[in-house]
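Presented below is the structure to which this report refers.
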Number of protein chains: 2
Amino acid sequence: MPKNDNMLTILWMLNSGEKLTAKQISEKLEINIRTVYRYMDALCASGVPIISDTGHNGGYSLLHNFIKSPLLFSINEKKTLLHAALFAKEAGYPLSEALENATSKLKMYSNQEQESILSHHLAGFEVINRRGYPAVQPVLQELEHAVANEWSVEISYRNSHDEQSPNRVIDPYGMVNWNNKWYTIAFCHLRNEIRSFRVERILNITRTPFSFRRPNEFSARTFFMKNLLPDVVDKSGLISLIIGGRAEALDDLCIHWFLEHHLQERTSTQAIFLLEEELLYTHVPYIILPYGKSIQVIEPQNLKNKLVEVASELMEYYQV
Amino acid sequence: MPKNDNMLTILWMLNSGEKLTAKQISEKLEINIRTVYRYMDALCASGVPIISDTGHNGGYSLLHNFIKSPLLFSINEKKTLLHAALFAKEAGYPLSEALENATSKLKMYSNQEQESILSHHLAGFEVINRRGYPAVQPVLQELEHAVANEWSVEISYRNSHDEQSPNRVIDPYGMVNWNNKWYTIAFCHLRNEIRSFRVERILNITRTPFSFRRPNEFSARTFFMKNLLPDVVDKSGLISLIIGGRAEALDDLCIHWFLEHHLQERTSTQAIFLLEEELLYTHVPYIILPYGKSIQVIEPQNLKNKLVEVASELMEYYQV
DNA sequence: CTTTCACTGACAACTGCTGTCAGTGAAGTT
DNA sequence: AACTTCACTGACAGCAGTTGTCAGTGAAAG
């Protein structure tokens, strides 16, 4: 295999610390200069940190650190990386194959003693989560590609009212895993604005030949959180919501995805939230209902009235 | 280059010290056995000390294992590891410091181009989760240590009824992150059985000088899931629960942590679950209530009656 | 503005890899 | 002694991946 031999030779040549031009390498190995470029590409792709400089006195060299000391992880660092991989896997991370490769390399790269310690440490650590429907995996993969390479894609999307709107072209600026659900934040060419899309509702996704530029300052996280919890302009209109009840139920309430962001104070017997009036009377009743009698609303009275109203409506609804 | 990859894989497989026959290798790598022989030839030719034994119990093995070669990750593998780290971080992973070290090393060993590609790819990827109270971090860290090194610990635990039971010594067999909440599965010396403990309720944890041996066959995952969803012995007593309504609401229902495990069938307009009678009338009403009128119970009638009952109770509860 | 260098894409020629088949020999088992 | 298991070899057709060639872009330095 002349190819592998030559690539190794190049590595050794560079490892001496010398700076070499492609032409020099091609002459030394008696191969075409084009082939040198190809080898360099291949080496970079497998993770060798090769530095290339153009122009006068240019050429190839190896990252200084790399020559001095190869990448070494302590057993603890390995463990954390492997633990982290478990989280990703359980969240339905789409690039599971590459991740699998990486983790198996990590596991291999230890002697037997370390290996047994590692596997022992890993045995006691579990992440359990809904992995998501396997059906979304291909969509997620395609999306990840599109986000990473800034390709526009065409999707057909089922919106929240079950209507299947016409196909649209979107520029996926980012993908977000929130609360174990996948979203993409994208500029929608149909509506001409940035929107967030639930990946499970993307029925179809196809790459387009167009590409886009994500604005530099754009942050998917910020956009998503703004979208989820719009900025409150008028702070004076906020209403205190005071809940009492069993510590267990209160704890749970305080980590509710919506309420947690409005938590003001938590005492041993009460949880106090600060909310806008509208949200308080539309969303909150439905958050509180499932806790039944394990919690009580202490304030405001209006919410209690609303709860009575909601409960009686539901009673009627199911009485038919 | 599948060839190189496969040859490397063979090396790593043998490096573990195992003896493997050509057939086993060929099946694992999904290549022809002839090709395995060819690879072996090539490896021997490049100086790898491979021992081959013919006849019964024959196969290949390595003379002295532990092959040194620098750990190299392709840019994709790096990306997935860094993505995975985000998941762990957002889940409130306790060993965040070691993880941080590992990821910064990963980022370090790249040239500028790789680095910019990496950071660009990472910019579009976000995981957003409740990170958990910072207060549990020290407990989690201590627990992780104890699990990994098999140390018994003494904890004070607030159980679900707000009573603070006496301190107890537990042998933490494992830790589990389920639905973004941390648990430990441990042998409890107070109750003399394996139990699961919610980490947020551990008020105090101190190492003891005792150590334990985790049973080899123990799996925290299995125990936890059995605990969460006990085996149904009598399959005949199961009742069909049929829910109709908006696709959006149904989707959500089908990924509910409890109901998802009982999903039988999902059509475009209905979701059908199969449940034990007791659970159906105790838990399910509280799961269904918050969905309000976006879903309807189609079957069984008894559940509707129960819903009416629950709703009217709640109405009364809040009327005072 | 020129030189030097890295880098890309397309394409035809070609090299070397793969699977298949058929067969040999050594080590152990029955 | 017959049989099984396993490593190993040679030949060959088909095919995948590699190479050299050519033509051209872009960045850095003098």
Side-chain angles (χ1 to χ4, degrees), chain A residues 1-11 13-14 17-64 66 149-151 207 209 211 213, chain B residues 1-11 13-14 17-63 74-75 110-117 120:
Chain A
M1 301 167 281
K3 187 183 175 192
N4 296 268
D5 292 343
N6 282 332
M7 297 220 306
L8 271 177
T9 314
I10 292 177
L11 263 187
M13 281 159 66
L14 288 177
E18 239 182 314
K19 194 175 214 177
L20 295 165
T21 67
K23 200 177 172 201
Q24 288 172 310
I25 296 173
S26 77
E27 277 165 5
K28 203 151 211 165
L29 299 185
E30 300 182 321
I31 52 177
N32 193 286
I33 193 167
R34 181 67 240 255
T35 308
V36 176
Y37 291 129
R38 280 197 267 250
Y39 287 173
M40 287 311 188
D41 228 40
L43 287 171
C44 282
S46 26
V48 183
I50 289 175
I51 296 168
S52 65
D53 298 303
T54 62
H56 284 272
N57 300 319
Y60 292 105
S61 54
L62 268 186
L63 188 71
H64 184 58
F66 185 74
N149 302 306
E150 305 193 312
W151 294 327
R207 203 177 297 179
S211 66
R213 281 285 299 162
Chain B
M1 299 170 279
K3 188 186 172 188
N4 298 269
D5 291 344
N6 282 332
M7 298 219 312
L8 270 178
T9 313
I10 291 177
L11 262 189
M13 279 160 65
L14 290 177
E18 245 182 309
K19 193 174 214 177
L20 295 165
T21 67
K23 200 179 172 198
Q24 286 171 314
I25 295 173
S26 76
E27 277 165 7
K28 201 150 209 165
L29 300 185
E30 297 182 323
I31 52 177
N32 193 286
I33 194 167
R34 183 64 240 258
T35 307
V36 175
Y37 291 129
R38 282 196 266 251
Y39 287 173
M40 287 313 190
D41 229 38
L43 286 171
C44 286
S46 16
V48 182
I50 288 175
I51 299 168
S52 65
D53 299 303
T54 63
H56 284 272
N57 299 319
Y60 293 103
S61 53
L62 264 188
L63 187 55
S74 76
I75 198 155
S110 329
N111 60 30
Q112 280 186 318
E113 197 197 331
Q114 292 172 333
E115 219 173 296
S116 75
I117 294 177
H120 190 258

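Here is how names work: the chains are called A, B, and so on, in the same order as the sequence lines, proteins then strands, and each is numbered from 1.
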Under-3.5 Å N/O pairs linking protein and nucleotides 12-18 of chain C:
{"residue": "C:dC17", "atom": "OP1", "partner": "B:K3", "partner atom": "NZ", "Å": "3.3"}
{"residue": "C:dT18", "atom": "OP1", "partner": "B:Y39", "partner atom": "OH", "Å": "2.6"}

Among C:dA6, C:dT20, D:dA7, the one nearest any side-chain atom of B:R34 is C:dT20
Short side-chain N/O contact to C:dT4 OP1/OP2 from A:T21, under 4.0 Å: no
A:M40 atom CE is separated from D:dT19 atom C1', nearest whole Å, by 17 Å
Side chain proximity check, A:R213 to A:E150, heavy atoms < 4.5 angstrom:
yes
To the nearest angstrom, the CD-P distance between B:E27 and D:dC6 comes to 11 Å
- Taking C-beta and beyond as the side chain, do A:I25 and A:N6 meet within less than 4.5 Å on heavy atoms? no
Taken to the nearest whole Å, CD1/A:I33 to P/C:dT8 is 13 Å
Taken to the nearest whole Å, CD1/A:I25 to C1'/C:dC7 is 14 Å
Any side-chain N or O of B:Y37 under 4.0 Å from OP1/OP2 of D:dA7? yes
4.5 Å side-chain heavy-atom contact, A:L62 and A:I51
no
From CG of A:D41 across to C1' of D:dT18 the rounded distance in Å is 14 Å
One should read off an interatomic distance between B:L20 CG and B:I10 CD1, to the nearest 0.5 angstrom, of 9.5 Å
I'd like a list of close polar pairs between nucleotides 23-30 of chain C and the protein, N/O only, cut-off under 3.5 Å.
{"residue": "C:dA27", "atom": "O4'", "partner": "B:T54", "partner atom": "OG1", "Å": "3.4"}

A:K19 NZ to C:dC5 P, in whole Å, measures 11 Å
N/O donor-acceptor pair under 3.5 Å between A:N32 side chain and A:R34 backbone: yes
When rounded to the nearest 0.5 Å, the distance separating CE of A:M7 from CE of A:M40 is 10.0 Å
So does A:P49 get a backbone contact from the side chain of B:Q114, meaning a donor-acceptor N/O pair under 3.5 Å?
no
Separation between NZ (B:K19) and CG (B:D53), nearest 0.5 Å, reads 3.5 Å
Separation of C:dC7 atom C1' from A:I51 atom CD1, nearest Å, is 17 Å
Taken to the nearest 0.5 Å, the spacing of B:L63 CG from B:L14 CG works out to 12.0 Å
